[in-house]
Student: 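Please find one structure pasted underneath; my questions will follow.
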Amino acid sequence: MPLPSGLARFNRVFSNKLMRPLARVAPGFGVLQHRGRKSAQDYETPLNAFRDGDRVIVALTYGEEVDWLRNARASMDTHFLIRGRPVRVGPPVDIPAEDGLAVMPAPMTA
């Protein structure tokens with residue numbers, strides 16, 4: 001079940017600024033670098049992100065109606081910073097929840 005949209009707004013305004021430096025290097029996190037589809041502004045959004053071979057699996061903690069996901073779907077030039085390394089990714093692809101959960105560490109799925 002997605003988290004409340006009010007929490008998403010709070011995180012976007014306050015928490016993301018604090019989390020961004022940590023998410024660049026911490027295991028289980030990444031920073032999505034994307035361009036706004038309407039504003040053309042560059043954004044960096046910290047996310048739970050896990051490598052699975054050549055894929056990056058992202059937890060949709062706020063559901064699918066979030067700006068970063070819409071921006072990534074509209075762009076062909078999206079990058080992640082994962083553990084301090086840039087990773088170029090294409091447009092997001094939906095996968096079954098159980099496939100994504102299989103990649104995440106046990107404490108994240110409990």
Student: Given the rule that I, L, V, M, F, W and Y join up when any side-chain heavy atoms are under 4.5 Å apart, are Leu69 and Tyr43 in one cluster?
Tutor: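 Looking at the clustering, Tyr43 is in a separate group from Leu69.
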Student: Please, which pairs that meet salt bridge (Lys or Arg N to Asp or Glu O under 4.0 Å) have at least one residue in residues 51-61, sequence neighbours excluded?
Tutor: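 Output for this query lists Asp52-Arg55.
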Student: By the rule that ILVMFWY residues connect when side-chain heavy atoms come within less than 4.5 angstrom, directly or transitively, which residues belong alongside Val31?
Tutor: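 Leu81, all in the cluster of Val31.
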Student: Under the salt bridge (Lys or Arg N to Asp or Glu O under 4.0 Å) definition, can you give me all pairs with a residue in residues 89-103, not counting sequence neighbours?
Tutor: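 Those involving residues 89-103 are Arg73-Asp94.
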Student: Would you say the side chain of Phe80 lies within less than 4.5 Å of the side chain of Leu47, judging by non-hydrogen atoms?
Tutor: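 When only atoms from C-beta onward are counted, Phe80 and Leu47 do touch, with a gap below 4.5 Å.
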Student: Can you give me the closest heavy-atom contact between Val56 and Ala49, atom names plus distance?
Tutor: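 Heavy atoms of Val56 and Ala49 come nearest at CG1-CB, 3.9 Å.
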Student: Keeping to residues at least two apart or across chains, list the salt bridge (Lys or Arg N to Asp or Glu O under 4.0 Å) pairs with something in residues 80-92.
Tutor: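 Every pair satisfying salt bridge (Lys or Arg N to Asp or Glu O under 4.0 Å) with a residue in residues 80-92: Asp77-Arg88.
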Student: Quick one: closest heavy-atom pair of His34 and Thr45, and the distance?
Tutor: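 Taking every non-hydrogen atom into account, NE2-OG1, 2.9 Å.
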Student: Quick one: pull up CD1 in Ile95 and CD1 in Ile57 and give me the separation to the nearest 0.5 Å.
Tutor: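 If I round to the nearest 0.5 Å, the distance is 3.5 Å.
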Student: Please identify each residue that fulfils side chain to side chain contact (heavy atoms under 4.5 Å, CB included) with Ala74, with sequence neighbours left out.
Tutor: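 For Ala74, the residues satisfying side chain to side chain contact (heavy atoms under 4.5 Å, CB included) (neighbours in sequence not counted) are Arg37.
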Student: For residues Leu32 and Ala72, report the shortest heavy-atom separation together with the two atoms involved.
Tutor: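 Looks like CD2-CB, 4.4 Å.
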Student: Could you pull out the closest heavy-atom pair between Phe29 and Ile82, with the gap in Å?
Tutor: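 In this case the closest contact between Phe29 and Ile82 is O-CG2, 4.2 Å.
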Student: Using a strict cut-off of less than 4.0 Å between a Lys/Arg side-chain nitrogen and an Asp/Glu carboxylate oxygen, indicate whether Glu65 and Arg70 qualify as a salt bridge.
Tutor: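 Salt bridge: yes.
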Student: Can you list every salt bridge (Lys or Arg N to Asp or Glu O under 4.0 Å) pair that touches residues 21-33, not counting sequence neighbours?
Tutor: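 Matches after skipping sequence neighbours: Arg24-Glu44.
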Student: For a quick test of reading the model, state the closest non-hydrogen atom pair linking Ser75 to Pro91 and the distance between them.
Tutor: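 Heavy atoms of Ser75 and Pro91 come nearest at O-CG, 4.0 Å.
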